[in-house]
Amino acid sequence: MAKIVRGISLEEWEEKTRLTEQEKQTVYDIQDACTELPLPPHWFFNDKLQSSPSIGFHSGLSTPDIICPTPINTSALASRLANIPRPRSTANLLAETTAAEQAVEKQSIHEIGSVKPIETLQQFFDWFTNIESEMKRGQEDKYKNHLSKVKSYKKVCDDFCKDAQETTQLFQSLQTDYEFIDNRTRTIQTECEILLDEQHRLTYIADGLAERLQYFNQLEPIAHLFNSPGEDICLNPEFIPMLEKIDECIDYMHQHLSYRDSELYLMRFRQCMTRGITLIKMYAISTIKNLTYEMAKQVNLKDAALSITKYTTLYNVKFKAIAVTIKPLAYQIEKRFSHKEYQSLYEDIQTVYFQMRQQLLNPLLARKILQLGPHDKDLLAFTRNGCAYMMSLCADEFFLFYNFFSANEDKLYTHLDVLTSHLYNYLRPRIIHENDIDTLSELCNIFHMYVTHDRSTEESKEVKFSDLIQHVMEDTQNRLIFRAQMFIHNDIPYYQPNPQDFDVQKIDTSVKTSVVLDAANQSLPNSTAATLAIEEDGSDTQSNHSIRSNVLSDNQYGWYPTLQKTLWILSKLYRCVQTRVFEDLAQEAVSLCSESLQKASDILTKTKSRLDGELFLIKNLLTLKEQLAPFEANLIHQGKTLDFSHVTGSFSSQRQSFFNPNTLIGLAQRGMPRVIEVSLDSRREIDNQMKKVCEGFIQHCVSSATEPLTEFLIKLSAILPAVIETEDDSVQRKPLSEGELKEAVNQFMEAAEERMKFVTRKLREYINDSKMEHILMKPIEVKAAKDRQTMTYSHLFLI
């Protein structure tokens, strides 16, 4: 089809044909040159007109002859005019004609001049007549010549008019043709514009159809690629881009279900996607299995020539080599987890991966457990080494997993739990049968160390080993709690004291903090270091164990055995069990310890004296309070119990009409036992008990110091039965000997001073603390001074 060019308007033509400044100057020059037009090409003159005038004169007085013009040859005139320098305008020609005429006139005057002098009148008349004739003849020739010129100009003008008329006719014909062509051109332009619009519309439709059909056209190349033979199709560079194209096509089909066959294509695209994911699954599974079988054959061939650690490293290196190809393919499945079918295929790959890893590692783990445990009786050393090895192995498995996959971390921890089950299966029966509280507490500290480490690295992407040892740690805690309860219930309340338990020993006055906690924390750094090495010597373990177990074995601080046992069991439980459990056990242990100390105080009061019993109880309660202070726990036991106090009153009020139905309903409403909350604070109980003991001690010391004064007052009341004492010390005077009064005062002063020294000495034997001594002795001294003041007033009164 011929290309149709659209016409342009006059304005567009002028816009496109705009003249430059040089072209405009050229037009102006032509315009200036055409202001004086040259003669037309058909105009002619006499030959003499170029050189001489057209009128010839005869010498003498005869009338000059008129030179008649002869026909001029047109071609000769044209050639002559061609030789005339151009441009020659009409003004130039007239100037030349005038010059020629003047020359002719001068020549004529010269020619008609009389040669001979005019001597006579007749000669003058003759000359005048000739001159007159020549003048007349010259005037006629001028008009004739002018007439001939006018005729020739007229002819030229007629020719011009004729040519102009012909030119006008030609222009009219040209204008008619132009209008015809312009109309045709406009018609063609309109037709072309219509065709172009139609072409653009059809092109837009075709492009739209091509854009929509490209999603439909992708099915064939995708199906061809996915149905190609071979197991390594997914390694084709076009495989992953094809999966992305399938996603685009599926999304497009979902958005345009109104298109024809869109549901059919959607189903086929889904089939292709399932086929692609299945190819990834088959390739990953086959690659992992082939590598596992190859490694298993190598192990069998070498027959354990390498160590367990080298085997583990070899397995990791081999698996990391294939992870480079499997990781991008697995990521393609992870991006499409919105479909459960693809997620199931992804989990199948992970299941095979975990099975193959377990198939390789289970024999190695069994051998490693045999190397660490069965021939070693030290459970703590085995636990440290076993946990350190398992943590290293789980860390390697953790990072290796993320070399293959990026999702389903819960599956990874299930796999790691299977691996750590070898350690758990060995530890659990030994922990269940372990009765040593020291060992159980140390095991809890070891496991708690991993929990603390995981909490400190919670934000980092590392394996959480504490989750893997959660079961064995819970078993250890449960066993420790059970043994601690047995110890608290059996060793503290049923302890039978020995006489050696009441020996007074001095304690170190520099001990201001918990000796128990300081001793318990001495082995923590070494324990931490021990867990980081798999093959570490057990000497440090034995030393740490001995330090912790022997801190309170000797009564080097002068503590009562039940107090010693209570603090020891609390040190073993602290930070080894949950806080709530520790608070309950600590409250129970402290309560039983307080009761045991009270019983021991009663025994010491019976065997020695009341002062010894009170100081013994004050000393141990003070020690218990000081040693409990560093424990960061609330020793409060909150529980619920049934209150039956109001039940008896309800039965008593309704016993007369007991068989009345309304009475039974009211009794059911008001006679039910109430559930009340009970809160027991061991620290507050210790404070209350200590306050009570201190008050009794102060009262006892004051009464013993003022005993002579009491006897004197009894004696005085017997001697002076008429004395009536009042609150304002007003008495009825009766004379008494001064010797008797001085004797009573001296006895009181000696007894008080001796008693105060005795109490101070006893107090320093039991409690070697100046601050506590000042607290206890200050009220005694104040009370004794007050009694002395009373005795002095009596002395002055009697005197």
Would Ile437 and Trp568 count as a side chain to side chain contact (heavy atoms under 4.5 Å, CB included) here? Give the steps.
CA-CA 10 Å; Ile437 296 179; Trp568 177 80; 3.8 Å; yes
Report yes if the side chains of Gln355 and Gln359 come closer than 4.5 Å at any heavy-atom pair, otherwise no.
no
Strictly distance-based, threshold 3.5 Å: is any side-chain N or O of Arg479 a donor or acceptor partner for the main-chain N or O of Glu434?
yes
Where is the tightest heavy-atom contact between Ala388 and Tyr450, given as atom of each residue plus distance?
N-OH, 3.5 Å
Enter the distance from Asn445:CG to Tyr574:OH here, rounded to the nearest 0.5 Å.
12.0 Å
Just by modelled atom types, is the Thr605 backbone N or O under 3.5 Å from a matching donor or acceptor in the Arg610 side chain?
no
From CG (Leu443) to CG (Leu480), nearest 0.5 Å:
9.5 Å
Exercise: identify the closest heavy-atom pair between His448 and Met473
N-SD, 4.2 Å
Cys694 versus Ile618, closest heavy-atom pair with distance:
SG-CD1, 4.1 Å
Salt bridge or not between Glu442 and Arg384? Use side-chain N to carboxylate O under 4.0 Å.
yes
Before you tell me yes or no, could you show the steps for Phe401 and Gln350 under side chain to side chain contact (heavy atoms under 4.5 Å, CB included), namely the whole-Å CA-CA distance, both residues' side-chain angles and the distance that decides it to 0.1 Å?
CA-CA 9 Å; Phe401 172 82; Gln350 289 184 334; 3.6 Å; yes
Between Arg357 and Glu397, does any NZ, NE, NH1 or NH2 come within less than 4.0 Å of an OD or OE carboxylate oxygen?
yes
Dump the intermediate steps for side chain to side chain donor-acceptor pair (under 3.5 Å) on Ser591 and Gln587, then the final yes or no.
CA-CA 6 Å; Ser591 298; Gln587 190 276 331; 3.0 Å; yes
Indicate yes or no: at least one non-hydrogen side-chain atom of His471 is less than 4.5 angstrom from one of Asp417.
yes
Between Lys368 and Tyr389, what is the shortest heavy-atom contact and its length?
CG-CE2, 3.5 Å
Any non-hydrogen side-chain atom of Leu592 less than 4.5 Å from a side-chain atom of Glu595?
yes
Can you confirm whether Phe465 sits close enough to Phe447 that some side-chain heavy atom of one is under 4.5 Å from a side-chain heavy atom of the other?
no
Does the pair Asp475 and Tyr424 meet the rule for a side chain to side chain donor-acceptor pair (under 3.5 Å), with working shown?
CA-CA 10 Å; Asp475 291 341; Tyr424 177 73; 2.7 Å; yes
Between Lys411 and Phe354, is NZ or CZ placed under 6.0 angstrom from the six-membered ring centre and within 45° of the ring axis?
no
Could you go through Asp438 and Lys572, starting from their C-alpha distance and side-chain angles, then the distance that decides it, and tell me whether this counts as side chain to side chain contact (heavy atoms under 4.5 Å, CB included)?
CA-CA 7 Å; Asp438 277 320; Lys572 299 305 175 182; 2.6 Å; yes
Between CG of Leu570 and CD of Gln627, what distance do you get to the nearest 0.5 Å?
10.5 Å
Could you tell me the separation between the CD atom of Gln358 and the CG atom of Leu365, rounded to the nearest 0.5 Å?
10.0 Å
Main-chain N/O of Asn435 paired to Thr439 side chain as donor or acceptor, under 3.5 Å
no
Phe319 and Tyr353 aromatic ring geometry - parallel, tilted or perpendicular at 30°/60° bounds:
perpendicular
Could you check whether Gln485 and Glu588, counting side-chain N and O atoms only, form a donor-acceptor pair closer than 3.5 Å?
no
Compare every heavy atom of Thr420 with every heavy atom of Cys394, then report the nearest pair and how far apart it is.
SG-CG2, 3.7 Å
A side-chain contact here means heavy atoms from C-beta on lying under 4.5 Å apart; do Lys565 and Ile488 qualify?
no
Nearest-0.5 Å distance that lies between atom OH in Tyr560 and atom NZ in Lys599
10.0 Å
Applying side chain to side chain donor-acceptor pair (under 3.5 Å), run through Gln470 and Glu474 and close with a yes or a no.
CA-CA 6 Å; Gln470 186 67 29; Glu474 290 177 354; 3.1 Å; yes
Are the side chains of Leu440 and Cys444 in touch, meaning some heavy atoms are under 4.5 Å apart?
no
Quick one about Thr351 and Glu347 (side-chain donor to acceptor, distance below 3.5 Å, no hydrogens or angles considered), yes or no?
no
Report the C-alpha distance between Asn362 and His422 in whole Å, list the side-chain angles of each, state the deciding distance to 0.1 Å, and finish with yes or no for side chain to side chain contact (heavy atoms under 4.5 Å, CB included).
CA-CA 8 Å; Asn362 282 339; His422 294 273; 3.0 Å; yes
Side chains of Gln689 and Lys692: closer than 4.5 Å at any heavy-atom pair?
no
With a 4.5 Å heavy-atom cut-off, do Leu364 and Leu360 have their side chains touching?
no
Closest approach of Ser596 and Ile492, non-hydrogen atoms and distance?
OG-O, 3.8 Å
Taken to the nearest 0.5 Å, the spacing of Leu427 CG from Cys387 SG works out to 6.5 Å
